[in-house]
Amino acid sequence: MRLLTHNMLSSNIKGVTNGFPLRIEIEKVVEKQVDFNADFLRNMFPKIEWKALVGAAHTLGYVELPEEVEPSRLDSEDFLRKFHHALLELHLEEGALVCPETGRRFPVSKGIPNMLLHEDEV
């Protein structure tokens with residue numbers, strides 16, 4: 001699961017008001033090379049919750065992203081390459097995503113998060 005995916009997911013358990021960002025529990029992280037596309041990154045930047053991305057990247061051991069960022073940084077190839085690596089090349093292969101409000105664990109297996117809810121959570 002890429003951090004791009006993580007940044008878009010939240011807990012949809014009935015009654016949960018604070019389901020984002022999901023906390024990451026790591027069993028296995030892999031890096032997968034992805035072709036660099038600066039235009040894609042510039043277009044995705046406004047859609048990304050930056051603080052959540054930085055926190056997730058830190059959890060996966062990547063500390064190259066700044067805590068805060070201005071859109072003017074999108075002109076820097078060095079910044080874009082770091083953003084690209086965190087967003088697209090770091091993968092949570094095995095582990096879990098945890099709801100920040102309820103503590104409910106959603107397993108991640110072979111890079112795929114299982115966000116299915118139990119009957120009593122719908």
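This one's a predicted model, so the numbers in the text were calculated from it and none came from an experiment. We count residues from 1, following the sequence as given.
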Side chains of [X] and [Y] in contact at under 4.5 Å (non-hydrogen atoms):
{"X": "V69", "Y": "F45", "result": "yes"}
{"X": "T59", "Y": "R23", "result": "no"}
{"X": "M115", "Y": "L22", "result": "yes"}
{"X": "R2", "Y": "V34", "result": "yes"}
{"X": "I13", "Y": "R104", "result": "yes"}
{"X": "E25", "Y": "R105", "result": "yes"}
{"X": "M1", "Y": "L9", "result": "yes"}

Do [X] and [Y] belong to the same hydrophobic cluster, where Ile, Leu, Val, Met, Phe, Trp and Tyr are linked whenever their side-chain heavy atoms lie under 4.5 Å apart, directly or via other members?
{"X": "I26", "Y": "V98", "value": "no"}
{"X": "Y62", "Y": "L41", "value": "yes"}
{"X": "L90", "Y": "L4", "value": "yes"}
{"X": "F40", "Y": "M8", "value": "yes"}

Pairing of [X] and [Y] as salt bridge, 4.0 angstrom limit:
{"X": "D39", "Y": "R42", "result": "yes"}
{"X": "E93", "Y": "K32", "result": "yes"}
{"X": "K51", "Y": "E49", "result": "no"}

Between the side chain of [X] and the main-chain N/O of [Y], is any donor-acceptor distance below 3.5 Å?
{"X": "N7", "Y": "L3", "answer": "no"}
{"X": "E94", "Y": "K110", "answer": "yes"}
{"X": "H84", "Y": "N37", "answer": "no"}
{"X": "N114", "Y": "P107", "answer": "no"}

Rounded to the nearest 0.5 Å, what separation is found between the [atom1] atom of [X] and the [atom2] atom of [Y]?
{"X": "L87", "Y": "H6", "atom1": "CG", "atom2": "NE2", "result": "12.0 Å"}
{"X": "M44", "Y": "L53", "atom1": "CE", "atom2": "CG", "result": "10.0 Å"}
{"X": "H58", "Y": "L60", "atom1": "NE2", "atom2": "CG", "result": "11.0 Å"}

Heavy-atom pair of closest approach, residues A57 and A86
CB-CB, 4.4 Å

Between W50 and F83, what is the ring plane arrangement, given parallel below 30°, perpendicular above 60°, and tilted in between?
tilted

side-chain hydrogen bond (donor to acceptor under 3.5 Å, both in side chains) pairs touching residues 9-18, sequence neighbours excluded, are T17-E101

Contacts of type side-chain contact (heavy atoms from CB on, under 4.5 Å), residue D120, not counting sequence neighbours:
H118

